[in-house]
Amino acid sequence: MELSGAQILVDSLKREGVEYIFGVNGGAAMPIFDALYGETEIKLIPMRHEQGASHAADGYARVTGDVGVALATSGPGATNLVTGIATAYMDSIPMVAITGQVFTHYIGSDAFQECDIIGVTRPVCKHSYLIKNSDEVADVVAEAFHIAKTGKPGPVVIDIAKDAQMHEALFQYPETVDIRSYKPQVHGDPAQIAKAAALIKEAKRPMLYAGGGVVLANASEELRQLTLKTQIPITVTLMGLGAFPETHPLAMEMPGMHGSCCANYAFTDADLVIAIGARFDDRVTGDLSKFAPNAKKVHIDIDASCIGKNVPVDVPIVGDAKSVLTELNKQVGIADIDPWRDQIQEWKQKYPFEYEQKADKVMPQYVIEQIYEHFSDAIVVADVGQHQMWAAQYFKFTEPRQWLNSGGLGTMGFSLPAAIGAQLGCPDKTVVNINGDGSYIMTIQELVPAVTMKLPLKIFIINNMYLGMVRQWQELFHGKRYSAVDYHDNPDFALLAQAFGATGLRVEHTEDVVPALQKAKGITGGPVVIDFIVDEEENVFPMVPAGAGLGDVIRGLS
Amino acid sequence: MNPEERHIFSVLVENRFGVLARVAGLFSGRGFNIDSLNVAETHDRSISQITLVTHGDAQIIEQIYHHLNRLIDVIEVTDLSTDTHVERELVLIKIATDDPQKRTEILQVAEVFRGRVIDMKPASLVLEITGDEGKLKAAIDIFNTYGILELARTGKIAMLRGAES
């Protein structure tokens with residue numbers, strides 16, 4: 001049967017099992033929105049800004065592991081999606097971003113709302129397509145979903161000209177996708193895996209270093225088996241939190257700039273680092289010349305270009321974390337490293353995450369601790385900044401996909417729309433959004449769809465009236481010259497929440513923190529916003545200053 | 001700093017619009033160098049061949065190899081420099097020949113480089129010379145002394161020696 005390109009697009013998305021499309025309507029995408037009108041199998045979620053649409057699709061993908069879908073019109077609609085596409089790209093999140101494009105005969109003429117979005121997004125997406133004919137739609141959608149979710153996942157952009165949306169073509173959805181130039185390597189080289197197992201056997205001070213790749217590969221179970229079987233201490237990065245339970249004695253917690261002293265000292269002293277789905281990011285390694293100087297490195301990654309990029313590697317293993325760990329687990333036993341384990345325990349006990357309770361101040365770390373007490377099973381979506389680090393430090397994650405944040409791009413404004421996507425993806429879970437006062441206001445408009453859909457989001461603002469992380473750096477490295485970080489002129493977020501139709505609370509005293517959280521727990525008919533007015537100049541510690549080695553971590557409390 | 005090496009990559013790609021931009025964008029975005037670049041259809045019209053000359057230390061070269069492979073439209077990447085290969089480049093040189101004496105001399109020099117005259121006007125001629133990098137450099141250096149009016153070169157193309165790779 002002949003269908004319009006827009007209808008073929010919608011039917012193709014159904015074939016891919018898409019539940020939600022997050023979008024903002026506009027001229028060059030109108031036929032697609034028209035095809036979605038009254039559609040019941042796919043729910044269209046109208047967001048208030050295209051950035052919100054791409055972050056919501058991203059949040060949905062992060063909690064479900066399925067491909068998130070965002071939709072926008074051409075030109076400004078498409079460019080507004082870009083931050084969300086780049087965010088997903090940096091964290092390897094499977095997403096398909098669909099943009100309308102002007103009529104094919106206008107392309108290249110600087111037409112109204114025309115933008116070469118394929119050109120704009122080229123460096124921030126895994127792949128992209130420009131569709132000029134209706135008969136290409138089905139094949140492109142099938143390829144785009146295949147590419148987005150296989151190998152190292154990532155966002156794929158589909159730009160579709162308006163006439164290709166309108167013209168009719170025969171709908172035939174491909175049963176299989178075979179791209180001759182795209183064959184991701186899943187299984188690791190057995191010889192390399194055997195080498196890794198041999199190194200594990202010899203090592204006296206080994207450590208596991210797991211990242212977001214473990215979560216993406218759904219390999220948390222295999223990671224747990226490896227850790228428990230070998231009893232090797234493990235650090236999990238910001239992107240991987242929850243891949244191994246932070247509450248376990250072998251967990252050294254997060255490494256890096258604001259990571260635990262234990263994990264950082266372990267890197268500095270280790271004789272073997274086994275990296276799994278982690279990429280030796282600069283926020284983890286600090287000064288590369290001082291990073292794990294005595295350690296042999298095993299690096300398991302699906303992306304060959306990630307191996308040896310920052311740190312020379314002794315045993316590279318290209319493959320899917322789940323497949324490689326399954327093989328590795330067959331070849332390892334308990335490691336004979338008792339003195340090393342004792343050392344790790346000593347560091348753990350000596351240098352826990354800690355803060356000073358100042359008189360008459362609500363301490364941000366205390367708020368996070370209490371959020372953890374009351375919502376330990378929740379999905380936590382953090383934004384970017386100090387609150388993100390405190391959340392990573394003081395909330396003890398135990399399950400993969402329980403912790404969402406923009407770790408790679410560090411996108412402020414990510415969390416509220418991502419929390420909407422997360423809540424739709426996991427309707428039976430509690431979704432907690434830990435936000436900052438600076439980041440919250442960047443995408444605050446997305447409170448509208450959250451209220452409309454009556455999503456029971458718990459939105460907790462750690463409000464220090466500053467762009468806190470930047471202020472911290474200004475305090476430490478710029479002589480307290482607080483340039484453009486003073487946010488005391490922000491509106492009253494509790495009142496503003498009420499104006500949006502949400503419940504809004506303001507907490508200014510420590511003793512009110514717990515009652516407010518308890519109250520929030522009881523509110524299930526829509527979003528609740530709690531504005532926690534916290535100590536303005538509290539800093540995130542420990543801290544490895546930019547350019548320093550991990551051994552030079554400042555423990556804080558000075 | 002490790003020593004820099006010159007490498008020739010042969011990259012087989014899908015013959016589609018936008019592929020060259022992806023390859024070029026990869027180099028500019030990641031700060032890799034392109035010394036020369038040649039793109040053309042192969043005998044299979046659905047496949048184009050990009051011959052790309054670049055330089056960098058061993059770690060950079062390895063990164064270039066992996067990043068090229070990571071592009072969805074890239075079918076195959078071969079680092080020709082790791083094996084024996086043949087390489088050629090073609091250059092067109094337009095030289096002023098205002099007096100007949102000079103013209104004779106230029107034609108003699110062209111003979112040495114096995115150059116072919118492909119156009120001749122009263123005041124200038126165009127030579128076609130093929131060869132590897134060293135030969136073309138030597139030729140250009142000498143013709144420079146006669147006054148080169150215009151010069152165009154194809155960029156390098158290359159191939160592994162022996163049986164089909």
Side-chain angles (χ1 to χ4, degrees), chain A residues 86 89 92 104 107-108 116-132 136 139-140 143-148 150-157 159 177-185 279-280 288-289 299 301-313 316 318, chain B residues 1-3 5 7 9-34 39 41-50 52 54 56-79 82 165:
Chain A
Y89 183 64
S92 307
T104 45
I107 290 178
D116 171 16
I117 199 63
I118 297 298
V120 170
T121 56
R122 192 177 296 120
V124 295
C125 68
K126 187 171 172 184
H127 199 52
S128 51
Y129 296 89
L130 169 61
I131 299 179
K132 291 179 171 177
E136 301 165 42
D139 286 348
V140 166
E143 277 194 21
F145 274 75
H146 175 69
I147 290 169
T150 55
K152 181 180 192 162
V156 177
V157 175
D159 193 28
V177 175
D178 181 51
I179 306 169
R180 65 176 165 184
S181 58
Y182 175 70
K183 307 275 181 217
Q185 187 174 342
R279 59 191 175 95
F280 295 94
L288 283 172
S289 67
H299 192 174
D301 206 296
I302 189 91
D303 179 3
S305 74
C306 254
I307 299 179
K309 182 171 63 180
N310 300 331
V311 171
V313 168
V318 180
Chain B
M1 201 59 193
N2 300 317
E5 298 163 3
H7 282 248
F9 285 100
S10 162
V11 189
L12 294 180
V13 300
E14 294 290 346
N15 186 8
R16 295 193 185 122
F17 69 88
V19 176
L20 179 60
R22 289 182 205 277
V23 172
L26 158 63
F27 277 72
S28 62
R30 294 194 181 261
F32 303 144
N33 301 291
I34 297 181
V39 192
E41 240 173 56
T42 63
H43 55 293
D44 176 348
R45 289 198 60 184
S46 72
I47 297 177
S48 285
Q49 170 149 31
I50 297 178
L52 199 151
T54 183
D57 63 23
Q59 195 244 355
I60 296 278
I61 296 297
E62 194 188 328
Q63 281 285 301
I64 291 172
Y65 175 80
H66 288 310
H67 278 289
L68 283 169
N69 258 318
R70 211 164 83 129
L71 293 175
I72 306 288
D73 284 332
V74 168
I75 300 166
E76 190 184 299
V77 183
T78 312
D79 182 352
T82 59
S165 59

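Sequence lines set the chain letters: A, B, ... in the order given, protein chains first and strands last, and positions in each chain run from 1.
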Asker: Looking at chain A, which one of B:G29, B:S28, B:G25, B:A21 has the largest number of heavy-atom pairs inside 4.5 Å, strictly under?
Answerer: B:A21
Asker: Should A:D301 and A:R279 count as an ion pair when the cut-off is N to O under 4.0 Å?
Answerer: no
Asker: Would you mind checking if A:K183 and A:D178 are paired as a salt bridge, meaning a charged N to carboxylate O distance below 4.0 Å?
Answerer: yes
Asker: How would you list, by chain and number, every residue that makes a salt bridge (Lys or Arg N to Asp or Glu O under 4.0 Å) with B:D44, sequence neighbours excluded?
Answerer: none
Asker: Most heavy-atom pairs under 4.5 angstrom with chain A, which of B:H67, B:E62, B:Q59, B:R22?
Answerer: B:R22
Asker: The criterion is side chain to side chain donor-acceptor pair (under 3.5 Å); which residues satisfy it with A:S181, sequence neighbours excluded?
Answerer: none
Asker: Considering only heavy atoms and a distance below 4.5 Å, find which of A:S128, A:G119, A:G151, A:P123 pairs most often with chain B.
Answerer: A:S128
